[in-house]
Amino acid sequence: MTRLCALVLALVVHLLTLAFVALGGWIILREPGSILSWLLGGVSLAIGWALRPRLGRLPADADVLDRAAAPELCAVADRVADRVGVKRPSKVAVRDLATRTGYDRIGVARTPVLMIGLPLWLALSPKQRVALLATTYARLPTGDERVVTEALATLECWRDALVGPGAGPLQARSDAQDKIATTDPMAYDAMASPFGVTGLLGRLVGRVLGGPVLLTRYVLTRLARAGESRVRARQRALALRVATEEELAELEALEERGGYVAPMQAAALRGESVSAIRRTVLTKFQLTADGVFPSAPHSELLGNEQSDRIDEELAAHYARAIRGFGLIS
């Protein structure tokens, strides 16, 4: 019931955005020769455009790989996607300094894209790499989850526009008025009354329209939070198709601690090569309480030799990325 209520409320928010677009188009087409029609219709269209759901785009630092240049990486990405039950990524990209790996559908064509954060990828064993891909694919939101998320983003735009993000803009305007009053009192007297009336009207409109927006945002946020446990359970079930509970918990602990970054940063500052850093990482996984494994833990979806070939495919990207590891905080 909570899920249905959240979806219905989110659809109402999106329909309101669509209504602004339809209203703007109707105003312009009703009297296309009128300047006033174009002004009012343009304002309505601009509001609809500003509140539109975002389709997503590749981050500026994402480097899309050619499948011919990284066949092993793309192959394991496809295998894990098939096992989890999501669409294979049409594009695989790497990010030099991003520690998080993501998978999403972007653009109008909803192209599935996998974005791999190189620092964490470099620090994982083959088995953990598979677990990372599994959890990344599992986090892809379903259709109704995306509708609710985009509605919350639209309501956040409404809140900022009507109520404002805080006292910063008001303080800046007050400071500007003080400067004008000091340098040119006559000019300040001439503009004080119109500015005061305009400011009063703006705050009045913001409070009148902002109340329902804030209430809707509050209700939808509560409904979305009420369904978080269900969403996490669904994501966990998908990830468990590929990795065990122990492997997922180990990966989560590593991501939360972030302790893998500091040793690689130190090694990069010492001038160690990428291959030396990778050997150090793999040696750590071979050491256990029962002795020393001959190789790092691997998975049926990604063996040690396949993982090594992936590192060879990404060698140039690793070399570029470690030069900036010191910027990771």
Side-chain angles (χ1 to χ4, degrees), residues 55-59 62-95 98-147 149 230-252 254-255 282 285 295-315 317-318:
L55 298 177
R57 63 178 62 183
L58 277 174
D63 188 3
V64 179
L65 303 176
D66 186 354
R67 279 187 169 264
E72 202 66 60
L73 176 59
C74 294
V76 69
D78 291 346
R79 289 195 297 270
V80 177
D82 292 342
R83 184 71 64 88
V84 174
V86 300
K87 190 174 182 179
R88 292 182 174 186
S90 299
K91 296 180 180 179
V92 178
V94 294
R95 302 180 65 189
T99 57
R100 186 177 178 85
T101 294
Y103 172 75
D104 204 356
R105 297 189 178 99
I106 63 174
V108 177
R110 314 309 295 153
T111 303
V113 178
L114 174 66
M115 292 164 286
I116 297 176
L118 289 182
L120 179 59
W121 184 262
L122 182 61
L124 298 180
S125 67
K127 181 180 289 188
Q128 288 179 325
R129 286 177 169 179
V130 171
L132 175 64
L133 292 177
T135 55
T136 300
Y137 287 138
R139 285 195 294 264
L140 180 70
T142 59
D144 60 320
E145 291 168 4
R146 190 180 296 278
V147 168
T149 301
R230 173 185 54 81
V231 173
R232 285 195 295 267
R234 179 189 64 81
Q235 294 175 348
R236 197 70 168 186
L238 290 176
L240 287 173
R241 294 180 180 179
V242 176
T244 64
E245 191 70 50
E246 181 182 355
E247 293 167 357
L248 295 178
E250 181 182 9
L251 177 63
E252 290 172 356
L254 182 63
E255 288 181 305
L282 294 178
F285 289 111
S295 61
H298 60 276
S299 166
E300 61 174 317
L301 296 177
L302 181 64
N304 285 303
E305 293 183 359
Q306 295 169 317
S307 183
D308 291 341
R309 286 197 291 270
I310 290 176
D311 290 330
E312 293 175 2
E313 294 170 356
L314 298 178
H317 299 279
Y318 287 151

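These numbers come from the heavy atoms of this one structure, side chains and all, not from hydrogens, waters or symmetry mates.
E313 places no side-chain N or O within donor-acceptor distance of the main-chain N or O of A69, the cut-off being under 3.5 Å. Judged by distance alone, the side chain of Y137 and the main-chain N or O of K87 form no donor-acceptor pair under 3.5 Å. Judged purely by atom type and a 3.5 angstrom limit, S307 has no side-chain atom pairing as donor or acceptor with the backbone of G303.
Checked against side-chain contact (heavy atoms from CB on, under 4.5 Å), S90 has the following partners two or more places apart in sequence or in another chain: T111, P112. The side chain to side chain donor-acceptor pair (under 3.5 Å) test applied to R110 returns no partner, not counting sequence neighbours. In this structure, the side chain to side chain donor-acceptor pair (under 3.5 Å) partners of E72, at least two apart in sequence or on a different chain, are R309.
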Taking only distance into account, with no hydrogens and no angle test, what donor-acceptor pairs under 3.5 Å do side-chain atoms of residues 238-247 form with protein atoms, sequence neighbours excluded?
{"unit_1": "R241", "atom_1": "NH1", "unit_2": "V84", "atom_2": "O", "d": "2.6"}
{"unit_1": "T244", "atom_1": "OG1", "unit_2": "E247", "atom_2": "N", "d": "3.2"}
{"unit_1": "E245", "atom_1": "OE2", "unit_2": "R236", "atom_2": "NE", "d": "3.0"}
{"unit_1": "E245", "atom_1": "OE2", "unit_2": "R236", "atom_2": "NH2", "d": "2.5"}
{"unit_1": "E247", "atom_1": "OE1", "unit_2": "T244", "atom_2": "N", "d": "3.1"}

For R95 and D63, run salt bridge (Lys or Arg N to Asp or Glu O under 4.0 Å): C-alpha distance rounded to whole Å, both residues' side-chain angles, the deciding distance at 0.1 Å, then the answer.
-> CA-CA 6 Å; R95 302 180 65 189; D63 188 3; over 6 Å; no

For the pair V86 and Y103, evaluate side-chain contact (heavy atoms from CB on, under 4.5 Å) and give the outcome as yes or no after the intermediate values.
-> CA-CA 10 Å; V86 300; Y103 172 75; 4.3 Å; yes

Step by step, work out the side-chain contact (heavy atoms from CB on, under 4.5 Å) result for R83 and V130.
-> CA-CA 11 Å; R83 184 71 64 88; V130 171; over 6 Å; no

Step by step, work out the side-chain contact (heavy atoms from CB on, under 4.5 Å) result for K91 and L114.
-> CA-CA 6 Å; K91 296 180 180 179; L114 174 66; over 6 Å; no

R230/E145 under side-chain contact (heavy atoms from CB on, under 4.5 Å): CA gap, chis, key distance, verdict | CA-CA 11 Å; R230 173 185 54 81; E145 291 168 4; 4.1 Å; yes

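Note that OH of Y318 is 4.0 Å distant from CG of D311, once rounded to the nearest 0.5 Å. Separating the CD atom in E250 from the CG atom in L124 is a distance of 9.5 Å, to the nearest 0.5 Å. E312 CD to L314 CG: the interatomic distance, rounded to the nearest 0.5 Å, is 10.5 Å. To the nearest 0.5 Å, the span separating CG on L248 from OG1 on T135 amounts to 7.0 Å.
Contact of the T142 side chain with the R234 side chain is registered, since non-hydrogen atoms from C-beta on lie closer than 4.5 Å. You'll find the side chain of Q306 stays beyond 4.5 Å of the side chain of R129, heavy atoms only. Side-chain contact between L132 and E255: present, with at least one pair of heavy atoms (C-beta onward) separated by less than 4.5 Å. No side-chain heavy atom of P89 sits less than 4.5 Å from a side-chain heavy atom of V113. In this structure the side chain of V76 reaches within 4.5 angstrom of the side chain of L133, judged on heavy atoms. Two residues are said to be in side-chain contact when any heavy atoms from C-beta on lie closer than 4.5 Å; M115 and V94 fail this criterion.
Contact record, L65 with A70: CD1-CB, 4.1 Å, taken as the closest heavy-atom pair. Of all non-hydrogen atoms in T101 and I116, the two that sit nearest each other are OG1-CA, 3.8 Å. Taking every heavy atom of both residues into account, R67 and C74 meet most closely at NH1-CB, 3.3 Å. Between L140 and R146 the shortest heavy-atom distance is CD1-NH2, 3.8 Å.
Evaluation of the ring pair (Phe, Tyr, Trp, His ring centres under 6.0 Å) test over residues 62-95, restricted to residues two or more places apart or in two chains, returns none. Residues in residues 109-130 take part in no ring pair (Phe, Tyr, Trp, His ring centres under 6.0 Å) pair, two or more places apart or across chains.
Salt bridge status for D104 with R57: absent, with no side-chain N to carboxylate O gap under 4.0 Å.
Residue-environment remark: CD (E305) stays at or below the threshold of 12 foreign heavy atoms within 6.0 Å.
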